[in-house]
Amino acid sequence: MTETKSKLRRCTDTLFGGIKMSWLKVIIFAVASAVVTTIFLTVPIFADTSFQEMGVSYEAWILFAIIIMTNCEKPLESALKTFVFFLISQPLIYLMQVPFSYMGWGLFGYYYFWFILTLCTFPMAFVGWYLKKRNWLSLLILSPMLVFLTIQGEGYFAKAIANFPSHIIAAIFCFAQIALYLYAFFDGAVKRLIGLVPVVASLAVILIFLNAVDVSVSTDLPDSPGFSSSAVIELGDSSYGEAQIVDAEDGYVNVHMTKYGKTTLTVKDGDKTYKYYVEAKSDNGVNLVEITEMK
C-alpha cells in the first residue's frame, strides 16, 4: 500500500511540477488539444457524448491550464504560457471546424466569448501558479474550480441516471479531477477534508435547490385512441410528480414533473392498458417534459 501511494505521489508530482514546460511544448500542447477537440466535435460517433463536452464545457481545459501553470518556474511565466496556450488552441478549434460546418466562417461568431475568457486566463494563471505552494492559499485558489467541477459533475451524473450511460464518463472525469487535485496539492487528511468543504457545500445546494423542477405539459398522448370517462392515469414513480386526464375522449392529459428523470406513464381503461415514457429534462437551460410511446 505504501509503495502504491509512493508511486501515485511521484506521478502527481511529475504531472504538476515535474515537466519542463518550454514554449515549444506549450505550442504543441495547444495544437494537439485543438485537434482532439475538433475530432470530438465533428465526428458523428462522438455526438451527444461525454467526449463532445471537451468542445462545449470547461472541465478538460481546467486540467490543461493547471498542468501548464504548475510546470512553470515563475508566476509571470505561468500567465504568459497559459494565455498563449488558449490564444492558439481556441481559434484553431473553430478554424478546423469551418470545412465541416454549415455555418462556415460564421462559427467564429462564437469565438468572442472564448476570446474574453482567454484574456482572463492571464491574471488567473498568474494567481494559479501559487497552487505549487501546496498551502492554505492553494486551497483558496483551488476552491472555485472545485465548486465548478462539482456542479458540472453532478449535472452529468443526473444525465447518466436519466439516460444511462449518457455522460457518465464526463461525470467520472469531473469528480476524478476533484480527487486528483485534493491529493496532489495537499498533504495530510486535515487539509484534504477541508478541501472537501466547497465540494460538499456545492452538492448540498444543488440537491436542495438546483435540481428542483416545477414544469408541466398538457398534450395529446402519442397515438392515443381516446379513453373512456373511467380511465385512470398514473406515473410509475409518484416521486416524479403527478398526471391527470384533461380530456379523455381526445386523449388529452396534463403531466406535472417535480424532478429530473424518466419514468413510466400508464393509462388503464377497463381491460386495456396504455404505456408511455415521460421524462423531465433540461435542454440548453430550458426545462421540458417529453412523452414518448413505449414500444
So V232 and V267, do their side chains get closer than 4.5 Å, heavy atoms only?
no
Can you check whether F148 reaches S57 side chain to side chain, under 4.5 Å on heavy atoms?
yes
Check residues 189-207 and write down every donor-acceptor pair under 3.5 Å in which the side-chain atom is one partner and the other belongs to a residue at least two apart or another chain.
unit_1	atom_1	unit_2	atom_2	d
R192	NE	L182	O	3.4
R192	NE	F186	O	2.8
R192	NH2	Y183	O	3.2
R192	NH2	F186	O	2.9
S202	OG	P198	O	2.6

Would you mind reporting whether V84 and F122 have side-chain heavy atoms less than 4.5 Å apart?
no
Is the centre of the F86 ring less than 6.0 Å from the centre of the F64 ring?
no
Is F100 reachable from M96 through a run of I, L, V, M, F, W or Y residues, each pair having side-chain heavy atoms under 4.5 Å apart?
no
For I116, does the CD1 atom have more than 12 heavy-atom neighbours from other residues, nucleotides or ligands under 6.0 Å away?
yes
Quickly, which of F113, F85, Y111 forms a side chain to side chain contact (heavy atoms under 4.5 Å, CB included) with Q90? Name it, please.
Y111
Value rounded to 0.5 Å, distance of CD1 in I39 from CE in M54:
9.5 Å
Donor-acceptor pair, distance only, cut-off 3.5 Å: does the side chain of T12 make one with the backbone of R9?
yes
Would you find a donor on one side and an acceptor on the other, under 3.5 Å apart, between the side chain of N71 and the backbone of K20?
no
State, to 0.1 Å, how close G153 and A171 come at their nearest heavy-atom pair, and which atoms those are.
O-CB, 3.7 Å
Answer yes or no: is there a side-chain heavy-atom contact under 4.5 Å between Y276 and L221?
yes
Can any side-chain N or O of D247 pair as donor or acceptor with the backbone N or O of D250 at less than 3.5 Å?
yes
Taking T266 for its side chain and I233 for its backbone only, find out whether a donor-acceptor pair lies under 3.5 Å.
no
Does S50 reach the main-chain N or O of A170 with its side chain, forming a donor-acceptor pair under 3.5 Å?
yes
Got Y181 and L149 here, is their nearest side-chain heavy-atom distance under 4.5 Å?
yes
Within the 4.5 Å heavy-atom criterion, are F46 and V43 side-chain neighbours or not?
yes
If I compare all heavy atoms of I19 with all of T14, which pair ends up nearest, and what's the gap?
CG1-O, 3.4 Å
Closest approach of A125 and A79, non-hydrogen atoms and distance?
CB-CA, 3.7 Å
Going by heavy atoms in the side chains, are F108 and L95 under 4.5 Å from each other?
yes
Under 4.5 Å between any side-chain heavy atoms of T264 and V278, yes or no?
no
M69 and S78 have their tightest heavy-atom pair at CG-OG, 3.3 Å
So does M145 have more than 12 non-hydrogen atoms from other groups sitting under 6.0 Å from CE?
yes
If every non-hydrogen atom of T70 is compared with every non-hydrogen atom of L15, which pair is closest and at what distance?
OG1-O, 4.4 Å
Is the Lys NZ or Arg CZ of K262 less than 6.0 Å from the centre of Y277's six-membered ring, within 45° of the axis?
yes
Salt bridge (Lys or Arg N to Asp or Glu O under 4.0 Å) filter on E234, not counting sequence neighbours, yields K268
Show the numbers, then the answer: is there a side-chain hydrogen bond (donor to acceptor under 3.5 Å, both in side chains) between Y156 and E59?
CA-CA 12 Å; Y156 293 139; E59 49 273 4; 2.6 Å; yes
Checking K74 against W129: charged group under 6.0 Å from the ring centre and within 45 degrees of the axis?
no
